[in-house]
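Working notes for the structure below.
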Amino acid sequence: MVSSLDGVVDAGALLRAWRQRRRFSQQELSNRSRVSTRHLSRVETGRAHPSAEMLLHLAEHLDLPLRDRDRMLLAGGYAPRYGARSRDDALTAVVLEGLRGLLDAHLPYPALILDTYWDLVDANEAAGTLLTGCAPELLEPPVNVVRVCLHPDGISSRIRNLDTWAAHLHRQVNRRAERTHDPRHRELAEEIASYRPCGTSVPHTSGPVLTLELDAGDGVLRFFSASAQLDTATDVALEGLHVETFLPADAETRRRLG
């Protein structure tokens, strides 16, 4: 398994590395992409020069993140197709404003906009319910909600079902790190493992959904979460952006927040 692409500048070598990362044989990638194994072999070994459209076609079937699709295009001698606009850019701001409308619509329950690294982009007023008791230094930007949950100085002492919730977060971070091979995802996975080692088993729950159970001092707030990802992003800065909403998992939580 190829673990690093540092220094790899050849499009064929990048293609081979990502194919191996996805654990695809040339035959499997051929079946998925309808590109012959002979041509794939020639591209990987540098004996054929693929078009930009061919590289993007193969990148789609390998589920490459947008940043890595641009990298493959550059390695093939082509201009990148996916930008990385600032969040202050007018077009990006319109998208974020639309997502912020979802936060307000979710009141009186907590909702957050998170980027691909689970860094907080925005939140509604009710999100403060989740962050009570967190050390101030963990709330300095960029606020990482996974870190806030599992850091000893975060809200971990308030989470009644910490083992279950930690296992859920570990699985999410490890799964994304496996897909993207992004160093920041791997670093986050290693960081939270240092706070609370966790196995790879499926988190146990006795109810119909996994819940977050938070000590509120005079009772327990129980939430289940639903995530909506921006799957139509064509800009690196927006890829992985998602809205994380928390809804009451019992009548008492609904009564207290409503």
Side-chain angles (χ1 to χ4, degrees), residues 56 59-60 63-71 73 79-132 134-151 154-155 168-169 172-173 175-177 179-180 182-185 187-188 209-212 214 221 223-249 253-254 256-258:
L56 289 174
E60 174 68 21
D63 190 28
L64 264 63
L66 298 183
R67 189 185 308 276
D68 290 285
R69 298 185 192 204
D70 270 351
R71 184 179 180 187
L73 285 171
R81 299 282 181 90
Y82 307 98
R85 293 182 176 89
S86 162
R87 287 178 185 160
D88 295 328
D89 178 87
L91 293 176
T92 304
V94 170
V95 175
L96 290 174
E97 191 61 29
L99 294 178
R100 289 186 179 104
L102 297 179
L103 301 185
D104 293 336
H106 194 65
L107 288 169
Y109 309 122
L112 313 91
I113 301 174
L114 306 175
D115 68 13
T116 187
Y117 304 107
W118 290 276
D119 284 345
L120 184 66
V121 176
D122 206 345
N124 65 11
E125 293 181 2
T129 303
L130 305 176
L131 302 175
T132 302
C134 184
E137 58 268 24
L138 292 178
L139 299 180
E140 292 291 330
V143 178
N144 185 276
V145 298
V146 175
R147 181 181 297 118
V148 164
C149 281
L150 301 185
H151 193 285
I155 65 170
H168 165 63
L169 294 181
Q172 282 196 319
V173 175
R175 188 181 300 140
R176 192 167 298 176
R179 174 187 173 263
T180 66
D182 187 318
R184 285 188 60 186
H185 287 139
E187 289 166 7
L188 181 60
V209 292
L210 185 66
T211 60
L212 170 64
L214 276 180
L221 297 175
F223 299 98
F224 68 92
S225 66
S227 181
Q229 183 162 317
L230 190 63
D231 286 333
T232 54
T234 58
D235 188 279
V236 171
L238 295 178
E239 186 178 29
L241 207 66
H242 57 288
V243 178
E244 193 79 24
T245 58
F246 291 84
L247 296 124
T253 301
R254 183 180 297 277
R256 292 183 60 162
L257 294 185

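Model, not experiment: these values are computed from the prediction.
By the neighbour-count criterion of 12 heavy atoms within 6.0 Å, atom CZ of Arg100 is densely surrounded, having more than that number from other residues, nucleotides or ligands.
Counting heavy atoms from C-beta outward, Leu241 and Gln229 have side chains that stay 4.5 Å or more apart. Residues Gln172 and Trp118 meet the side-chain proximity criterion, which asks for heavy atoms closer than 4.5 Å. For the pair Leu66 and Asp68, the minimum side-chain heavy-atom distance is 4.5 Å or more. Looking only at side-chain heavy atoms (C-beta outward), Asp119 and Val143 stay at 4.5 Å or farther from each other. Contact check for Phe223 versus Leu130: side-chain heavy atoms found under the 4.5 Å cut-off. You'll find the side chain of Leu169 reaches within 4.5 Å of the side chain of Cys149, heavy atoms only.
The structure places CG of Asp182 at 8.5 Å from CD of Glu187, a figure rounded to the nearest 0.5 Å. Rounded to the nearest 0.5 Å, atoms CG (Leu214) and OG1 (Thr129) are 9.0 Å apart. How far CG of Leu230 is from CG of Leu238: 6.0 Å, rounded to the nearest 0.5 Å. How far CG of Asp70 is from CG of Leu56: 8.5 Å, rounded to the nearest 0.5 Å. Taking OG1 of Thr180 as the reference point, atom CG of Asp63 lies at 10.5 Å (rounded to 0.5 Å). To the nearest 0.5 Å, atoms CG (Asp104) and CG (Asp122) are separated by 8.5 Å.
With sequence neighbours excluded, no residue forms a ring-ring contact (aromatic ring centres under 6.0 Å, His included) with Phe224. For Arg254, the side chain to side chain donor-acceptor pair (under 3.5 Å) partners at least two apart in sequence or on another chain are Tyr109. Annotation: salt bridge (Lys or Arg N to Asp or Glu O under 4.0 Å) contacts of Arg176 (sequence neighbours excluded): none.
What you find for Val148 and Leu138 is that their closest heavy atoms are CG2-O, 3.9 Å. Residue Ala111 comes nearest to Ala127 through the heavy atom pair O-CB, 4.3 Å, listed as atom of the first residue, atom of the second, then distance. Taking every heavy atom of both residues into account, Ala126 and Pro108 meet most closely at CB-O, 3.4 Å. Of all the heavy atoms in Tyr117 and Leu188, the pair that sits closest is O-CD2, 3.8 Å. Residue Ile155 comes nearest to Cys134 through the heavy atom pair CG2-CB, 4.1 Å, listed as atom of the first residue, atom of the second, then distance. Of all heavy-atom pairs spanning Glu60 and Arg69, the tightest one is OE1-NH1, 2.8 Å.
Side-chain N or O atoms of Asp235 include one that pairs as donor or acceptor with a backbone N or O of Arg85 at under 3.5 Å. With hydrogens and angles ignored, the 3.5 Å screen pairs a side-chain donor or acceptor of Asn124 with a backbone N or O of Leu103. Within the 3.5 Å criterion, the main-chain N or O of Arg179 finds no donor-acceptor partner in the side chain of His185. Without hydrogens or angle criteria, Asp115 side chain to Val121 main chain gives no donor-acceptor distance under 3.5 Å. In this structure a side-chain-to-backbone donor-acceptor pair under 3.5 Å is missing from His106 to Leu112. No donor-acceptor pair under 3.5 Å is formed between the side chain of Thr253 and the backbone N or O of Leu221.
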Should Leu114 and Leu120 be marked as a side-chain contact (heavy atoms from CB on, under 4.5 Å) after you check the CA-CA gap, both sets of side-chain angles, and the distance that decides it?
CA-CA 5 Å; Leu114 306 175; Leu120 184 66; 3.9 Å; yes
